[in-house]
Amino acid sequence: MGAAMRRIHVGNALSAFGLGFTVPYLYVYVAQVRGLGAMTAGLVLAVFAVAALIVLPFAGRAIVRRGPLPVLLVALVTAAVGALSLGLSSSAATVLVSASTLGAGQAVMQPALATMIVDCSTMENRSRAFATQFFLQNLGLGVGGLIGGHLVDPTKAGSFVLLFAIEAAMFLLLVVVMATVRMPRAPRVDGAQASAKGSWKQLMGNRAMVQLCVLGFVLFFACYGQFESGLSAYGVEAAGISTSALGTALAANTLVIVIAQFAVLRFVERRKRSRVIASVGLIWAVAWAVAGYAGLGNGSQAMATAAFISTYALFGLGESLLSPTLAPLVADLAPAGLAGQYNSAFALVKQLALAVGPAVGGPLGASLHGPYIVIFLLVSLGITVLAVRLGRQLTEVQNQPSLARSRVVVQADPAAEQAPAHA
């Protein structure tokens with residue numbers, strides 16, 4: 001990695017580390033510590049998604065016109081202000097405003113950092129760069145959550161203020177780190193393409209990108225959109241999973257990602273991306289079947305708990321396959337200079353899925369246990385079908401970047417053979 005890429009990865013780790021301090025405890029903080037009730041806490045969680053949906057369409061245009069680094073610095077300062085004010089807020093109005101500020105900053109960070117990775121990488125090493133990013137994000141979230149859990153005290157509001165202050169400090173530290181990054185000169189687009197209408201029109205005319213966005217929505221809807229809503233509700237209501245076991249399941253998910261990420265990377269790099277994504281659909285279908293056994297089977301409670309933890313572990317395996325596949329594919333589909341627009345569009349699709357997923361999965365997982373499992377098992381199989389269809393829209397190199405390296409080697413061989421004769 002070059003110096004710029006190293007700083008970008010440090011930035012990813014720091015931002016995830018800061019988020020890990022507060023994300024697991026946000027509901028408890030608003031509902032119980034500040035005494036604002038469950039409804040306000042639910043609104044706060046919804047505000048994060050709404051803020052992201054509002055700012056992301058503009059973020060892509062800003063990244064295209066100004067570059068990802070200035071946009072990232074503004075987003076970091078915005079997030080730091082939102083985090084600190086959220087820790088100091090005591091009324092419902094100030095909590096909601098602070099949450100929207102924090103959510104807007106967090107949302108813009110994602111496509112800005114992704115575009116910086118694109119600008120500092122090539123098609124050949126991009127999968128490894130995004131795999132490293134995903135690894136560090138999960139590691140940072142896990143370590144931050146672990147430390148935050150030891151610092152927080154639900155009976156003392158001051159302990160939560162400390163958590164939010166640490167989160168704000170991480171964002172500001174990231175501003176210092178990112179300000180030293182020397183980005184390579186990225187290609188720029190003309191005024192017509194950089195306009196909001198022109199860039200979105202070009203994106204919507206890219207059939208492969210449109211199909212990838214549809215596939216991305218289904219992926220995030222069936223996985224991340226269920227983690228802390230439908231699947232956890234199903235585990236508690238249908239499988240009788242305790243809260244401690246639920247925490248263990250989430251930890252198992254992170255552990256599998258950390259362990260498997262680089263182990264599967266060599267496997268992913270040698271195969272077609274569409275087939276890798278299709279295999280994720282099959283793995284997740286097995287995960288939902290195992291979850292069905294946990295809640296609908298007749299085994300012991302210990303077996304149900306083990307099966308439920310295995311479900312989250314299988315989801316983690318699928319995630320480790322997706323991280324070096326999805327984001328690099330978005331970048332490779334983007335025309336020169338429009339990577340920021342494409343990254344923002346894909347982040348917008350992700351946020352839509354994360355907003356719709358809990359709204360659909362939560363009630364189903366809590367009450368309609370059998371239909372919930374069947375529906376999401378079929379959705380997972382649908383991922384496989386959509387991935388195969390997407391593969392038909394991709395060029396050979398887009399679908400399997402390793403072919404570009406092998407072709408370069410083949411073309412270089414004759415010249416290498418002639419070199420001794422010239423000498």
Side-chain angles (χ1 to χ4, degrees), residues 11-12 15-16 19 23 44-83 96-119 130 133-134 137 171 174 178 189 193-206 209-221 223-225 326-331 333-335 337-359:
N12 275 301
S15 63
L19 289 171
V23 169
V44 167
L45 297 176
V47 159
F48 277 92
V50 173
L53 295 178
I54 292 174
V55 300
L56 281 173
F58 303 99
R61 183 183 178 188
I63 293 171
V64 170
R65 301 186 67 176
R66 303 295 182 185
L69 183 54
V71 175
L72 175 63
L73 296 179
V74 172
L76 288 169
V77 174
T78 302
V81 171
L96 291 172
V97 171
S98 300
S100 63
T101 304
L102 177 57
Q106 288 179 7
V108 177
M109 285 183 214
Q110 299 176 27
L113 283 167
T115 305
M116 291 177 71
I117 292 177
V118 172
D119 290 344
F130 277 103
Q133 179 201 32
F134 190 68
Q137 282 179 341
F171 291 141
L174 184 50
M178 290 292 104
V189 297
Q193 286 181 307
S195 67
K197 183 178 180 180
S199 56
W200 280 104
K201 182 179 180 180
Q202 187 171 0
L203 188 151
M204 295 304 295
N206 189 329
M209 183 60 189
V210 171
Q211 288 193 22
L212 180 60
C213 286
V214 173
L215 175 58
F217 178 89
V218 179
L219 282 165
F220 294 119
F221 174 78
C223 179
Y224 297 100
L326 278 182
L329 182 54
V330 174
L333 289 176
L338 288 179
Q341 183 73 46
Y342 277 57
N343 284 324
S344 296
F346 199 72
L348 179 63
V349 168
K350 178 179 179 179
Q351 288 297 329
L352 283 171
L354 294 181
V356 175

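For the numbers below, each heavy atom of this structure counts, side chains included, while hydrogens, waters and symmetry mates do not. By convention here, the first residue in the shown sequence is residue 1.
- The CG atom of L212 lies 6.0 Å from the CG atom of L333; values are rounded to the nearest 0.5 Å.
- Taking each heavy atom of Q341 and V64 in turn, the nearest pair found is N-CG2, 3.7 Å.
- Summarising the geometry of A99 relative to V44, their closest heavy-atom pair is CB-CG1, 3.8 Å, with the distance given to 0.1 Å.
- What you find for L76 and F171 is that their closest heavy atoms are O-CB, 3.8 Å.
- Partners of S100 under the side-chain hydrogen bond (donor to acceptor under 3.5 Å, both in side chains) rule, at least two apart in sequence or in another chain, do not exist in this structure.
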Would you be so kind as to tabulate the donor-acceptor pairs closer than 3.5 Å made by side chains of residues 101-117, with sequence neighbours excluded?
unit_1 : atom_1 : unit_2 : atom_2 : d
T101   : OG1    : V97    : O      : 3.0
T115   : OG1    : P111   : O      : 2.7
T115   : OG1    : N343   : ND2    : 3.0

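- Note that CG of N12 is 11.5 Å distant from CZ of F134, once rounded to the nearest 0.5 Å.
- Partners of P57 under the side-chain contact (heavy atoms from CB on, under 4.5 Å) rule, at least two apart in sequence or in another chain, are W200, L348.
- In this pair, F221 and F217 present their aromatic rings parallel. The plane angle is below 30°, not in the 30 to 60° band.
- Distance CD1/I63 to CG/L338: 11.5 Å, rounded to 0.5 Å.
- Atoms CG and OH, from L329 and Y342 in turn, are 11.5 Å apart once rounded to the nearest 0.5 Å.
- Of all the heavy atoms in L69 and M178, the pair that sits closest is CD1-O, 3.5 Å.
- A search for side-chain contact (heavy atoms from CB on, under 4.5 Å) contacts involving A62 returns V71, not counting sequence neighbours.
- Residues F220 and L354 come closest through the heavy atom pair O-CD2, 4.4 Å.
- Residue pairs meeting the side chain to side chain donor-acceptor pair (under 3.5 Å) criterion with at least one member in residues 344-354: none, sequence neighbours excluded.
- Residues that satisfy the side-chain contact (heavy atoms from CB on, under 4.5 Å) test with A331, not counting sequence neighbours, are V118, R126.
- Scanning all heavy atoms of the two residues, the minimum distance from D119 to P68 falls at OD2-CG, 3.8 Å.
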